[in-house]
Amino acid sequence: MINEKLFDIAKQVAKNAYAPYSNFRVGAALLTDSGNIYKGCNVENASYGLSMCAERNAIFNMVSNGEQKISEIAIYVDSEKLFQPCGACRQVLAEFGQDIAIYYGNDDKIVETSLKEILPHTFRLNEPR
Ligand code: THU
């Protein structure tokens, strides 16, 4: 079931995106097993390769606050087209949960999927805690 509240938070945080180069504003909000919510937006740089995705900023924010288990993540993109999380963010998500529900969308539509579905045959050295 789509977590609309989590998606609304992702949409709010996209307003903070620093995306002067791509104009692609992304917001992510994740829910941990303990029920806390962590947020992130994309942050770009004049040296383009240093830019960071919204999803990974939300994950790093969670870890920095002492948590390591994700149950759901919502991702909003300010675009008419729908986008799923990039490959790098899928791999970083896999470190912190096996069974993560993913809601991605824009102003018109929200789609539900799961990490299992969009990153099968995952490379892991440790089982997620
Ligand atoms: N971006 C994200 O924040 N998440 C993704 O999953 C894909 C891409 C950002 C990175 C960059 O700031 C902009 O979108 C264009 O790639």
Side-chain angles (χ1 to χ4, degrees):
M1 204 182 68
I2 291 170
N3 186 333
E4 310 247 354
K5 186 186 149 214
L6 199 65
F7 189 79
D8 277 351
I9 294 168
K11 188 169 171 174
Q12 283 303 313
V13 75
K15 292 183 180 150
N16 297 332
Y18 178 71
Y21 304 106
S22 72
N23 278 317
F24 196 75
R25 307 172 78 80
V26 188
L30 66 83
L31 181 70
T32 65
D33 273 20
S34 60
N36 291 319
I37 290 170
Y38 296 94
K39 304 179 277 187
C41 61
N42 56 327
V43 180
E44 298 184 347
N45 191 272
S47 178
Y48 300 161
L50 302 182
S51 302
M52 183 49 67
C53 292
E55 296 91 323
R56 273 177 287 162
N57 276 332
I59 296 164
F60 299 158
N61 186 16
M62 170 195 76
V63 175
S64 303
N65 280 282
E67 293 200 55
Q68 299 185 350
K69 191 121 192 172
I70 303 169
S71 59
E72 302 174 23
I73 185 165
I75 304 139
Y76 167 86
V77 180
D78 183 17
S79 160
E80 282 177 12
K81 217 183 130 197
L82 286 174
F83 290 92
Q84 299 196 26
C86 81
C89 290
R90 294 176 197 199
Q91 181 65 32
V92 176
L93 278 168
E95 194 74 23
F96 301 108
Q98 295 203 9
D99 207 9
I100 301 176
I102 299 176
Y103 318 112
Y104 63 91
N106 57 17
D107 286 323
D108 302 319
K109 196 173 176 187
I110 310 173
V111 178
E112 178 170 7
T113 182
S114 66
L115 189 62
K116 274 189 183 141
E117 202 173 327
I118 67 169
L119 189 71
H121 317 298
T122 309
F123 171 72
R124 282 192 179 94
L125 294 177
N126 296 315
E127 285 310 301
R129 281 143 253 268

>> My understanding is that only one of Glu112, Gln84, Lys109 makes a side chain to side chain donor-acceptor pair (under 3.5 Å) with Tyr104; could you say which?
In response: Gln84

> Can you tell me how far CG of Leu93 sits from OG of Ser114, rounded to the nearest 0.5 angstrom?
Replying inline: 11.5 Å

> How many angstroms lie between CD in Glu127 and CD in Glu95, if you round to the nearest 0.5 Å?
Replying inline: 10.5 Å

> Which pair of non-hydrogen atoms, one from Gln98 and one from Arg124, has the smallest distance, and what is that distance?
Replying inline: CA-NH2, 3.7 Å

> Under a 4.5 Å side-chain heavy-atom rule over Ile, Leu, Val, Met, Phe, Trp and Tyr, are Phe83 and Ile100 clustered together?
Replying inline: yes

>> Just so I know, are the side chains of Asn42 and Asn57 near enough to count as touching, which here means a heavy-atom distance under 4.5 Å?
In response: no

>> Using a 3.5 Å distance criterion without hydrogens, assess whether the side chain of Gln91 forms a donor-acceptor pair with backbone atoms of Phe123.
In response: yes

> Does any non-hydrogen side-chain atom of Val63 lie less than 4.5 Å from one of Phe96?
Replying inline: yes

>> On a heavy-atom basis, which atom in Gly40 and which in Val13 lie closest, and how many Å separate them?
In response: O-CG1, 3.4 Å

> So, does Glu44 use its side chain to make a donor-acceptor pair with the main chain of Ser22 at under 3.5 Å?
Replying inline: yes

> Pro128 and Gly97: which non-hydrogen atoms are nearest, and at how many Å?
Replying inline: CB-N, 3.4 Å

> With side chains defined as the heavy atoms from C-beta onward, is the minimum distance between Lys15 and Asp78 less than 4.5 Å?
Replying inline: no

>> Is the shortest side-chain heavy-atom distance between Lys39 and Gln12 below 4.5 Å?
In response: no

>> Applying a strict under-4.5 Å side-chain criterion to I, L, V, M, F, W and Y, I'd like to know whether Ile73 and Tyr38 cluster together.
In response: yes

> What is the ring orientation for Tyr21 with Tyr48, classed by angle as parallel under 30°, tilted 30 to 60°, or perpendicular over 60°?
Replying inline: tilted

>> Please report the interatomic distance CD(Glu80) to CG(Asp108), rounded to the nearest 0.5 Å.
In response: 7.5 Å

>> Can you tell me how far apart CD1 (Ile9) and CD (Glu4) are? Round to the nearest 0.5 Å.
In response: 12.0 Å

> Any side-chain heavy-atom pair from Val26 and Val77 closer than 4.5 angstrom?
Replying inline: yes

>> Can you give me the closest heavy-atom contact between Cys86 and Cys53, atom names plus distance?
In response: SG-SG, 3.9 Å

>> Measuring only between side-chain heavy atoms, which start at C-beta, is Ile37 closer than 4.5 Å to Lys5?
In response: yes

>> Under the side chain to side chain contact (heavy atoms under 4.5 Å, CB included) test against Ser71, which residue among Asp99, Asn3, Asp33 passes?
In response: Asp33

> Between OH of Tyr103 and CD1 of Ile110, what distance do you get to the nearest 0.5 Å?
Replying inline: 10.0 Å

>> I need the minimum non-hydrogen distance between Leu119 and Arg90, along with the two atoms involved.
In response: CD2-O, 3.5 Å

>> Assigning hydrophobic clusters by single linkage (Ile, Leu, Val, Met, Phe, Trp, Tyr; side-chain heavy-atom cutoff under 4.5 Å), is Phe7 placed with Leu82?
In response: no

> Does some side-chain heavy atom of Val92 sit less than 4.5 Å from a side-chain heavy atom of Phe60?
Replying inline: yes

> Are Ile70 and Leu115 linked, directly or through other ILVMFWY residues, by side chains that come within less than 4.5 angstrom of each other?
Replying inline: yes

> At their closest point, which heavy atom of Glu55 faces which heavy atom of Cys89, and how far apart are they?
Replying inline: CB-SG, 3.7 Å

> CG/Asn36 to CG/Leu30 distance, rounded to the nearest 0.5 angstrom?
Replying inline: 10.0 Å

> side chain to side chain contact (heavy atoms under 4.5 Å, CB included) between Tyr76 and Asp107: does it pass, once the steps are laid out?
Replying inline: CA-CA 8 Å; Tyr76 167 86; Asp107 286 323; 2.9 Å; yes

> Is Ile2 linked to Ile118 within one hydrophobic cluster, defined over Ile, Leu, Val, Met, Phe, Trp and Tyr using a side-chain heavy-atom separation of less than 4.5 Å?
Replying inline: no

